[in-house]
Amino acid sequence: MTDSNPPLFSKYKALLDIRPSIDYPTAVADECNLPLIDLSSLRTDKARACKRAIAVAASEWGFFQLVNHGISRELQDRIRAVQVDIFQHPFAWKTTERLLDFSNGSYRWGTPTATSLPQLSWSEAYHLPLTPSAVEAKDSTRHTIEEFAVAMSRLAHQLAQILAEELGYEGGYFKESCNCDTCYLRLNHYPPCAVSGQVFGLTQHTDSDFLTVLFQDQVGGLQLMKGGRWNSVKPNLDALIINIGDLFQAWSNGVYKSVEHRVVANPKLERFSVAYFLCPSYDTMVQSYANPSIYKTFTFGEYRQKVMEDVKLIGTKVGLPRFLA
């Protein structure tokens with residue numbers, strides 16, 4: 001079997017050679033129509049209804065689609081071209097070269113902690129910090145990434161503000177705790193997978209942030225859990241996907257839902273996506289806005305540490321259940 005870039009087949013050959021009768025993942029899912037929200041309504045007499053729709057989607061689905069979000073098609077096309085170019089580089093380049101002055105260790109692939117196929121993600125990614133650089137060339141790769149990150153950040157903060165206001169609070173908490181030093185952009189690439197019936201592009205999980213803004217291509221593969229069943233999200237090239245993270249569920253005292261999701265591996269097509277994660281500093285206190293609280297008060301650093309410990313010990317994230325009051 002021809003190996004891929006990155007060399008996932010050879011790296012995880014031992015896992016792929018195991019043929020257990022149980023624990024194989026299944027990609028069977030219903031197709032769902034996520035709530036579709038037109039953000040341009042905020043500039044009309046429908047602004048109140050638009051904000052309410054965002055809050056309802058966050059509480060009932062934990063996911064929604066956003067159109068007329070303010071990020072131009074031209075910028076989307078540029079970031080996609082940059083992303084495709086980066087991942088087409090040889091594997092050795094991706095593992096040994098520093099990408100565009102970003103820190104070492106930003107490139108990740110597969111699942112180093114995987115001990116079984118259900119824990120293996122058939123993908124590679126760059127986790128990119130957002131601290132501005134001194135790059136000035138408007139047509140540079142670094143400039144395009146930063147320009148896209150700024151646009152995604154602006155949108156994420158706008159949504160966090162709305163979601164806070166819908167609970168009766170202003171959004172200053174998010175402005176103060178989530179900035180370019182703590183948030184990050186992740187460029188995702190899912191290579192074609194000849195064993196797609198055995199592994200996922202990205203294993204099921206919830207996001208450990210406040211909220212995530214996702215720009216995806218037309219290939220599809222995103223699935224989310226609702227009503228005890230997996231649901232496939234049909235790609236909409238005019239829309240961005242928004243999902244609530246663990247921290248917002250804790251802060252909202254369970255009003256907004258952080259929902260499990262995953263990405264199905266495709267046997268023939270590669271898939272690209274870009275995700276922006278609205279994260280606070282590690283010392284930020286995450287405390288419910290209401291009492292009695294479902295969750296204990298914790299710092300983001302404590303939360304991340306517990307997630308890493310669980311992944312190392314049991315191969316999967318436990319998350320918020322570790323912090324029930």
Side-chain angles (χ1 to χ4, degrees), residues 34-76 78-79 128-132 144-186 207-216 233 236-253 255-259 273-281 284 286 289 300:
L34 283 182
L36 182 65
I37 297 171
D38 185 345
L39 202 62
S40 67
S41 297
L42 291 177
R43 300 188 296 273
T44 71
D45 58 1
K46 298 179 180 179
R48 177 86 284 282
C50 180
K51 292 180 179 180
R52 188 61 198 150
I54 290 172
V56 169
S59 61
E60 294 184 356
W61 283 82
F63 271 78
F64 56 93
Q65 299 177 96
L66 207 62
V67 294
N68 294 318
H69 39 67
I71 300 179
S72 71
R73 175 65 64 185
E74 183 271 337
L75 180 54
Q76 293 178 52
R78 280 196 285 128
I79 192 68
L128 304 178
L130 304 178
T131 304
T144 297
I145 291 173
E146 290 183 357
E147 185 180 354
F148 190 78
V150 167
M152 295 282 264
S153 174
R154 187 181 302 115
L155 177 60
H157 277 280
Q158 182 181 19
L159 295 171
Q161 175 82 28
I162 290 170
L163 289 167
E165 289 176 352
E166 287 300 303
L167 293 179
Y169 283 75
E170 56 88 26
Y173 169 84
F174 301 98
K175 290 180 181 178
E176 295 169 1
S177 62
C178 304
N179 55 53
C180 64
D181 293 324
T182 62
C183 302
Y184 67 96
L185 201 70
R186 188 172 72 197
D207 289 354
S208 300
D209 61 353
F210 279 111
L211 63 82
T212 305
V213 183
L214 178 71
F215 167 51
Q216 62 174 351
V233 178
N236 180 344
L237 294 182
D238 293 323
L240 297 176
I241 302 292
I242 313 298
N243 70 273
I244 300 301
D246 297 343
L247 303 188
F248 226 142
Q249 178 169 318
W251 188 87
S252 69
N253 208 28
V255 174
Y256 301 139
K257 304 299 190 297
S258 180
V259 175
S273 69
V274 184
Y276 177 88
F277 297 88
L278 187 68
C279 298
S281 62
T284 296
V286 180
Y289 85 103
F300 182 44

Which atoms form the tightest heavy-atom contact between [X] and [Y], and what is the distance?
{"X": "L155", "Y": "V213", "result": "CD2-CG1, 4.0 Å"}
{"X": "L75", "Y": "E147", "result": "CD1-CD, 3.9 Å"}
{"X": "Y276", "Y": "C183", "result": "OH-CB, 3.3 Å"}
{"X": "T182", "Y": "S177", "result": "OG1-O, 3.6 Å"}
{"X": "V56", "Y": "S59", "result": "O-OG, 2.9 Å"}
{"X": "S41", "Y": "C50", "result": "CB-CB, 3.9 Å"}

Output the distance between atom [atom1] ([X]) and atom [atom2] ([Y]), rounded to the nearest 0.5 Å.
{"X": "T212", "Y": "L278", "atom1": "OG1", "atom2": "CG", "value": "8.5 Å"}
{"X": "Q65", "Y": "I241", "atom1": "CD", "atom2": "CD1", "value": "4.5 Å"}
{"X": "K51", "Y": "Q161", "atom1": "NZ", "atom2": "CD", "value": "8.0 Å"}
{"X": "L167", "Y": "N253", "atom1": "CG", "atom2": "CG", "value": "9.5 Å"}
{"X": "L240", "Y": "M152", "atom1": "CG", "atom2": "CE", "value": "6.0 Å"}
{"X": "F63", "Y": "L214", "atom1": "CZ", "atom2": "CG", "value": "8.0 Å"}

Does the side chain of S281 pick up a donor-acceptor pair with the side chain of T284 at under 3.5 Å?
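Yes, T284 and S281 have a side-chain donor paired with an acceptor closer than 3.5 Å.
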Between the side chain of [X] and the main-chain N/O of [Y], is any donor-acceptor distance below 3.5 Å?
{"X": "N179", "Y": "D181", "answer": "yes"}
{"X": "Y169", "Y": "Y289", "answer": "yes"}
{"X": "S258", "Y": "D246", "answer": "yes"}

Could you tell me if the side chain of [Y] sits less than 4.5 Å from the side chain of [X], heavy atoms only?
{"X": "L128", "Y": "Y184", "result": "no"}
{"X": "F215", "Y": "H69", "result": "no"}
{"X": "Q158", "Y": "L39", "result": "yes"}
{"X": "E146", "Y": "L185", "result": "no"}

Option from V255, I244, I242 for which side chain to side chain contact (heavy atoms under 4.5 Å, CB included) with L163 holds:
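Exactly one option meets the side chain to side chain contact (heavy atoms under 4.5 Å, CB included) with L163, and it is I244.
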Can you name the one residue among L34, I54, L36 that meets side chain to side chain contact (heavy atoms under 4.5 Å, CB included) with F64?
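That would be I54; it is the only one of L34, I54, L36 passing the side chain to side chain contact (heavy atoms under 4.5 Å, CB included) with F64.
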Please walk me through it: do F148 and I71 pass side-chain contact (heavy atoms from CB on, under 4.5 Å)?
CA-CA 8 Å; F148 190 78; I71 300 179; 4.0 Å; yes
Ring centres under 6.0 angstrom apart (F174, F248):
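Here the rings of F248 and F174 have centres that are less than 6.0 Å from each other.
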